[in-house]
Amino acid sequence: MRGLTDIHNHILPMVDDGAKTVVEALKMIKMQENDGVKNIILTPHYRKGMFETSAEEIEWKFHKFQEYVEKKGFDVNLYLGRECYADTALMETLLKNPSFQMNGTRFVLVEFSYHYDFQKIRNSVYELVSEGYNPILAHIERYACLNKHKEYIEELIQMGAYMQINTSAVLGKMGFSQKHFCKKVLQEHLIHFIASDAHSLQKRRPNMKECKKYVEKKVGVEYANEIFVRNPQLILEENRR
Ligand SMILES: [Fe+2]
């Protein structure tokens, strides 16, 4: 199995609540490589008052880490993105920090509060799309308002949003209800990306291969390839802004 892409994880060390050391980050990269993951978009958190590492510092650390991973001989390509928390300053934050865009494309990875109502999520998506971004909604299995309303997810997709769920949720490691939700939305073909959201060797550890196999079994090889290989290529290849 070659050419998988993980579009959401916290492997870049010492910048958020992800990998705590370079050694831990390298072990996570090794796990990804063993899983057949060829491309990894590193997406440290950005959230005011919680994770505020500057764009400059992240970029510097990313290039250092990328050089190190290359020197160590890993067969993976690293790219940079950011997981941005949707607060009232989201648009301002994105406009000020072009490097928060996924691999310099119009794609942006956005996470919401678990308890936001649908209007709030819809308003954010509307603003983002109006500004020309392609918003990817991170781990939608966590949002209460989307859980019971498939039609809300369809509406957001119609508006121009992309849907991402986590491998751990798909595989049932986050409990039955998230697993059930993931299975349902996969069967409805409402999901564009599945990513590890890996934070460490223990917490949401990289497990892309196991998840791809599960998805192949549940909804077929064709759709699994679309989610794990072809859709991520859009982020790796889209013309830079
Ligand atoms: Fe994340």
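Note that ligands are numbered from 1 as they come in the structure, with each ligand's atoms numbered from 1 the same way. A quick note: this is a predicted structure, and the numbers were derived from the prediction, not measured.
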Neighbouring protein N, O or S atoms of the Fe ion (ligand 1) [cut-off: under 2.8 Å, no waters]: H8 NE2, H10 NE2, E83 OE1, D197 OD1
Please tabulate, for side-chain N and O atoms in residues 114-127, each donor-acceptor pair with protein atoms closer than 3.5 Å (sequence neighbours left out).
{"from": "Y114", "atom 1": "OH", "to": "R142", "atom 2": "NH1", "distance (Å)": "2.8"}
{"from": "Y116", "atom 1": "OH", "to": "A86", "atom 2": "O", "distance (Å)": "2.7"}
{"from": "D117", "atom 1": "OD1", "to": "Q119", "atom 2": "N", "distance (Å)": "3.3"}
{"from": "D117", "atom 1": "OD1", "to": "K120", "atom 2": "N", "distance (Å)": "3.1"}
{"from": "Q119", "atom 1": "OE1", "to": "R122", "atom 2": "NH2", "distance (Å)": "2.7"}
{"from": "R122", "atom 1": "NH1", "to": "E155", "atom 2": "OE2", "distance (Å)": "2.7"}
{"from": "N123", "atom 1": "ND2", "to": "Q119", "atom 2": "O", "distance (Å)": "3.4"}
{"from": "S124", "atom 1": "OG", "to": "K120", "atom 2": "O", "distance (Å)": "3.4"}

Among side-chain atoms of H8 and Q164, is any donor-acceptor pair under 3.5 angstrom? yes
Linking I/L/V/M/F/W/Y whenever any side-chain heavy atoms sit under 4.5 Å apart, do L90 and F51 land together? no
Quick one: NZ on K179 to CD on E141, what's the gap to the nearest 0.5 Å? 14.0 Å
Check the orientation of H45 and H199. Use parallel for under 30°, tilted for 30 to 60°, and perpendicular for over 60°. tilted
Linking I/L/V/M/F/W/Y whenever their side-chain heavy atoms sit closer than 4.5 Å, directly or via other members, would L95 and F100 fall into one cluster? yes
